[in-house]
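Notes follow the structure.
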Amino acid sequence: MLMKSVYQTQADMPDTGLLQMSVESRVNREPVADARIEISYTGEPDSTFETLNTNESGQTQQVELKAPPIEYSMGPSETQPYAQYTIQISAEGYQPVTVTGIQVLPEATAVQDIRLQPVGAAATWPDDIVIPANALFGNFPPKIEEAEIKPVRQTGEIVLSRVVVPEYVIVHDGAPTDSTATDYYIRYKDYIKNVASSEIYATWPDATIRANILAIMSFTMNRVYTEWYRNKGYNFTITSSTAYDQKWSYGRNIFSNISLIVDEMFQNFLSRPNVRQPILTQYCDGQRVSCPNWMTQWGSKYLGDQGYSAIEILRYYYGSDMYINTAEEISGVPASWPGVVLTIGSSGSKVRQMQEQLNRIARAYPALPVIVADGIYGPRTQEAVEKFQSVFGLPVTGDVDFRTWYKISEIYVGVSRIAELA
């Protein structure tokens with residue numbers, strides 16, 4: 001159900017976007033039901049105009065909020081293309097949290113995940129969150145150019161033997177030499193979703209978004225594969241500095257279409273013939289910063305407008321010998337996707353494993369029905385899959401495709417792990 005805000009904002013905000021909040025415990029990743037969320041305009045924290053409560057899955061309904069004209073995000077603009085909102089979250093037994101600067105784009109769904117700290121538990125990460133500007137609109141340093149292929153045969157280099165999608169990356173929230181910056185353990189997919197939501201606009205063409213996500217993933221996988229920062233004596237995977245890496249913002253909202261694309265593509269990276277490592281696909285905005293040999297974000301948007309596919313956009317900038325590759329392994333998952341869609345009539349050990357994982361998730365998310373783990377994909381299993389897809393923002397098909405399989409695995413690992421890294 002959508003809740004339409006009755007508040008009116010400035011005349012230059014004639015469009016609307018959607019916002020949904022999801023609240024879970026920072027300790028065990030279980031949903032926090034009946035959390036109270038107050039929404040106000042950023043800059044006017046006392047102007048609460050909407051109050052929502054989370055359901056048994058820790059989620060709110062989607063709320064419709066005012067946003068600037070969509071044209072502002074379709075080309076470089078001196079006018080901010082998104083609206084900003086502040087939320088205050090409180091729940092019995094948890095420390096309250098304020099999130100400032102949630103970005104709402106027109107015709108897009110913003111998703112804000114909040115992890116609450118139980119009262120009395122030792123704080124590990126900051127509670128209150130301030131979301132900075134999108135990298136296309138804010139003032140951030142340009143990328144320092146590097147070679148796209150690293151000379152990994154040098155003596156002393158630590159290099160992985162094959163391309164593996166990590167379960168977590170360690171993000172250093174600052175320049176590499178900033179010893180005061182915090183290191184965050186972030187699930188790989190969550191990192192990619194955060195960067196994409198920070199670097200581009202969710203209103204752009206689907207092919208453009210996919211091209212940029214592939215570049216973001218390949219850049220990240222190059223850092224992982226070559227152990228780039230560990231070879232320099234650091235204990236992190238990547239930084240949040242745009243001068244060295246990609247823009248990442250602690251606790252920022254993501255966008256649902258970006259999230260779905262990452263869930264579909266997270267095993268991919270970009271390759272060149274006879275090069276084992278993922279390519280360090282550098283890019284720039286193409287307006288304030290020029291980068292002749294890299295992809296430009298605004299240029300990729302315009303190519304998407306013209307009907308270019310994601311790989312055509314990438315080859316336009318990086319050359320015709322760039323292609324999409326798939327990682328050999330995904331870390332931190334109980335078992336790989338079976339390679340075929342599981343649906344009514346499917347049977348076997350993979351179905352049973354999926355059923356067992358759904359039952360474990362149902363202990364934390366009571367909206368999910370408990371099913372018999374018999375290895376037979378019947379109507380009750382389909383019902384459980386549909387409910388899972390609905391709760392976790394996936395297309396509700398009742399079938400377990402690649403995206404659903406790994407989302408089930410991700411949530412299962414999250415709720416069943418005794419000691420979380422984060």
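On a predicted model such as this, the values are computed, not experimentally measured, just so you know.
You'll find the ring centres of Tyr85 and Tyr41 inside the 6.0 Å limit. Proximity of the aromatic rings of Phe402 and Phe266 is defined here by a centroid distance below 6.0 angstrom, and this criterion is met. In summary, the aromatic rings of Tyr317 and Tyr283 are positioned with their centroids too far apart to meet the 6.0 Å limit. For Phe392 and Tyr365, the ring centers sit closer than 6.0 Å to each other.
A donor-acceptor pair under 3.5 Å links the side-chain atoms of Tyr318 to the main chain of Gln282, judged by distance alone. Looking only at distances, no side-chain donor or acceptor of Ser198 sits under 3.5 Å from a matching main-chain atom of Asn134. The closest donor-acceptor contact from the side chain of Lys301 to the backbone of Gly75 lies at 3.5 Å or more, if one exists at all. In terms of modelled atom types and a separation under 3.5 Å, the side chain of Tyr406 and the main chain of Asp263 share no donor-acceptor contact. Thr54 places a side-chain N or O within donor-acceptor distance of the main-chain N or O of Ala35, the cut-off being under 3.5 Å. No donor-acceptor pair closer than 3.5 Å links the side chain of Arg272 to the backbone N or O of Ile279. Between the side chain of Asp190 and the backbone N or O of Ile186, no donor-acceptor pair lies under 3.5 Å. Using modelled atom types, one side-chain atom of Ser241 and one backbone atom of Ala243 make a donor-acceptor pair closer than 3.5 Å. With hydrogens and angles ignored, the 3.5 Å screen pairs a side-chain donor or acceptor of Gln112 with a backbone N or O of Gly251. Proximity of a side-chain donor or acceptor of Thr296 to a complementary backbone N or O of Gly286 within less than 3.5 Å is not detected.
Residue Asp285 comes nearest to Gln297 through the heavy atom pair CA-OE1, 3.2 Å, listed as atom of the first residue, atom of the second, then distance. The two residues Arg115 and Ser25 make their nearest non-hydrogen contact at NE-O, 4.4 Å. Between Gln246 and Ile216, the shortest heavy-atom contact is OE1-CA, 3.2 Å. Residues Gln95 and Leu116 share a closest heavy-atom pair of O-CD2, 3.9 Å. Shown here for Glu30 and Ala364, the closest heavy-atom pair between the two residues is CG-CB, 3.8 Å. The minimum heavy-atom distance between Asp206 and Arg210, with the atom names listed, is OD2-NE, 2.6 Å.
Side-chain contact between Pro278 and Val163 is present, with heavy atoms from C-beta onward closer than 4.5 Å. Counting heavy atoms from C-beta on, the side chains of Arg276 and Tyr225 come closer than 4.5 Å. Between Tyr185 and Asp183, every side-chain heavy-atom pair lies at or beyond the 4.5 Å cut-off. Side-chain atoms of Leu105 and Ser73, non-hydrogen and from C-beta on, do get closer than 4.5 Å to each other. Between Lys189 and Val165, the closest side-chain pair of non-hydrogen atoms is not below 4.5 Å. The shortest side-chain heavy-atom distance between Ile149 and Leu280 does not fall under the 4.5 Å cut-off. The shortest side-chain heavy-atom distance between Val351 and Ile376 does not fall under the 4.5 Å cut-off. Within the 4.5 Å cutoff, the side chain of His172 has no heavy atoms near those of the Tyr229 side chain.
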In sequence, state the C-alpha distance, the side-chain angles, and the governing distance for Ile39 and Met21, and then conclude on side-chain contact (heavy atoms from CB on, under 4.5 Å).
CA-CA 11 Å; Ile39 305 175; Met21 281 72 69; 3.9 Å; yes

Check the pair Met354 / Thr381 against side-chain contact (heavy atoms from CB on, under 4.5 Å), numbers first and verdict last.
CA-CA 9 Å; Met354 178 268 296; Thr381 298; 3.8 Å; yes

Between Leu136 and Glu199, does a side-chain contact (heavy atoms from CB on, under 4.5 Å) hold up when you go through it step by step?
CA-CA 6 Å; Leu136 291 172; Glu199 291 269 10; over 6 Å; no

So Arg315 and Glu312, salt bridge (Lys or Arg N to Asp or Glu O under 4.0 Å) or not? Walk me through it.
CA-CA 5 Å; Arg315 287 174 174 167; Glu312 288 171 340; over 6 Å; no

What's the verdict on side-chain contact (heavy atoms from CB on, under 4.5 Å) for Phe388 and Leu394, showing C-alpha distance, side-chain angles and the deciding distance?
CA-CA 8 Å; Phe388 177 88; Leu394 299 173; 4.2 Å; yes

Test salt bridge (Lys or Arg N to Asp or Glu O under 4.0 Å) on Glu50 and Lys66; report intermediate values, then the result.
CA-CA 13 Å; Glu50 211 77 85; Lys66 286 289 184 178; over 6 Å; no

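Between the side chains of Thr182 and Asp173, no donor N or O sits under 3.5 Å from an acceptor N or O. Using a 3.5 Å distance cut-off with no hydrogens or angles, the side chains of Tyr72 and Asp15 do not pair a donor with an acceptor. Checking Thr242 against Lys247 by side-chain atom types alone, no donor-acceptor pair falls below 3.5 Å. A donor-acceptor pair shorter than 3.5 Å cannot be found between the side chains of Gln20 and Thr109.
Residue Gln103 forms a side chain to side chain donor-acceptor pair (under 3.5 Å) with just one option from Gln84, Arg252, Gln80, and that option is Arg252.
Tyr191 OH to Asn194 CG: the interatomic distance, rounded to the nearest 0.5 Å, is 8.5 Å. Distance check: Ile129 CD1 to Thr100 OG1 gives 9.0 Å after rounding to the nearest 0.5 Å. Rounded to the nearest 0.5 angstrom, Thr208 OG1 and Tyr302 OH are separated by 11.0 Å. Atom CG of residue Asn325 and atom CG of residue Asn268 lie 8.0 Å apart, to the nearest 0.5 angstrom. Distance CD1/Ile213 to CD1/Ile192: 8.5 Å, rounded to 0.5 Å. Note that CE of Met295 and OG1 of Thr281 are 7.0 Å apart. Values are rounded to the nearest 0.5 Å.
Heavy atoms of other residues, nucleotides or ligands lying less than 6.0 angstrom from NZ of Lys387 number 12 at most.
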